[in-house]
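Data block below; observations after.
The analysis underlying the following values was restricted to heavy atoms, covering all of them including side chains, and did not include hydrogens, waters or symmetry mates.
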Amino acid sequence: GTGKELAARGIHDHGMRASAPFVAINCGAIAPTLFESELFGHEKGAFTDASARKNGAFHEADGGTLFLDEVGELPEAAQAKLLRALESGEVRRVGASTVEYPDVRVLAATNRDLTEAVRNGRFREDLFFRLHVLSVELPPLRERTEDLALLSEIVCRGLHPEAHVTDDAAEVLSRHSWPGNVRELRNVLTRAYVMSGPRIGKASLQFHSI
């Protein structure tokens, strides 16, 4: 909820690859048996349901950016296959005998402490160092409340041209701990707009306790 994908897309949109594809993959949502097919593609007949040749995420992002969200959720076997692709640049479709070399910039993100995961043997050390070239930390919203005004303005702009947060509501927002980060902020403001209209005042705000 801190905005990892938005940050990755911002890097893509303001770089030399902006005109090429931006492909986002949630590593935590891929079944281990489908990892190779999702990232590297497959040939027709490679397995039971492979009725046609399929591009993987590396092919789809050729010339652009591949964003691997929640990379810390990958099982060990998938980590080894990803490492090989990153080290060699080779992408082999499941069931293929030849390799391809798509030109891809890889951005990876996680909400886990990967250094701790490496120490505990849950994440490969070699993959950690292969990914950890240039790192950016996105702090939780409670540690950057100075961004609340701008973020609220952006959320309101997407709700309605006249949507805005009053000063008393902004004060309440600044005192909230935001366990759900930017995602929670969006939900709180959306709920207030739906229930009370474009003028989002203190009385319009409702928070869920966890």
Side-chain angles (χ1 to χ4, degrees), residues 1-32 34-41 55-89 91 102-148 150-151 154-155 158 177-187 210:
T2 57
K4 299 188 297 295
E5 184 171 343
L6 289 176
R9 184 174 286 277
I11 293 172
H12 173 78
D13 289 345
H14 291 84
M16 297 179 64
R17 296 172 180 260
S19 61
F22 174 87
V23 178
I25 295 290
N26 185 338
C27 296
I30 303 176
L34 297 177
F35 173 79
E36 283 187 277
S37 176
E38 288 295 320
L39 260 67
F40 309 135
N55 282 335
F58 273 90
H59 299 100
E60 297 290 345
D62 191 16
T65 302
L66 174 59
F67 174 54
L68 300 177
D69 197 8
E70 305 302 350
V71 71
E73 305 301 320
L74 287 176
E76 185 176 354
Q79 293 177 31
K81 292 167 183 173
L82 174 60
L83 175 64
R84 175 170 175 74
L86 295 177
E87 289 283 8
S88 65
V91 171
D103 173 21
V104 176
R105 172 176 54 192
V106 174
L107 301 177
T110 181
N111 61 3
R112 290 183 177 271
D113 182 346
L114 286 189
T115 56
E116 181 68 19
V118 169
R119 285 194 292 266
N120 294 335
R122 295 193 306 269
F123 198 83
R124 292 180 62 111
E125 183 179 40
D126 44 8
L127 178 57
F128 172 80
F129 285 116
R130 187 66 184 85
L131 292 172
H132 200 263
V133 178
L134 177 63
S135 63
V136 176
E137 181 179 355
L138 294 179
L141 187 54
R142 64 180 177 273
E143 294 180 8
R144 51 187 176 110
T145 53
E146 67 275 8
D147 291 341
L148 273 170
L150 176 60
L151 291 171
I154 293 171
V155 172
S177 61
W178 300 110
N181 291 300
V182 181
R183 186 179 293 116
E184 182 187 3
L185 174 65
R186 183 177 63 238
N187 291 345
I210 299 177

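Looking only at distances, a side-chain donor or acceptor of R17 sits under 3.5 Å from a matching main-chain atom of G63. Put simply, the side chain of D69 never gets that close to the backbone of I25: no donor and acceptor are under 3.5 Å apart. With hydrogens and angles ignored, the 3.5 Å screen pairs a side-chain donor or acceptor of Q79 with a backbone N or O of R122. Listed for the H14 side chain is a donor-acceptor partner under 3.5 Å among the backbone atoms of G10. Counting only distance, with no hydrogens or angles, the side chain of E70 and the backbone of G28 share no donor-acceptor pair below 3.5 Å.
L131 CG to L107 CG: the interatomic distance, rounded to the nearest 0.5 Å, is 10.5 Å.
With a 4.5 Å cut-off on side-chain heavy atoms, F123 and T110 do not count as touching. In this structure, the side chains of F58 and V23 stay at 4.5 Å or more apart for every pair of heavy atoms. Between V71 and L82 the shortest side-chain heavy-atom distance falls below 4.5 Å. With contacts defined as side-chain heavy-atom distances shorter than 4.5 Å, the pair D62/N55 does not qualify.
In terms of heavy atoms, F22 sits closest to R9 at CD2-NH2, 3.1 Å.
In this structure, R112 pairs ionically with E73, as a charged nitrogen and a carboxylate oxygen lie closer than 4.0 Å. Using a 4.0 Å cut-off between charged nitrogen and carboxylate oxygen, E87 and R84 do not count as a salt-bridge pair.
Taking the six-membered ring for Trp and thresholds of 30 and 60 degrees, F35 and F40 have ring planes more than 60 degrees apart, a perpendicular arrangement.
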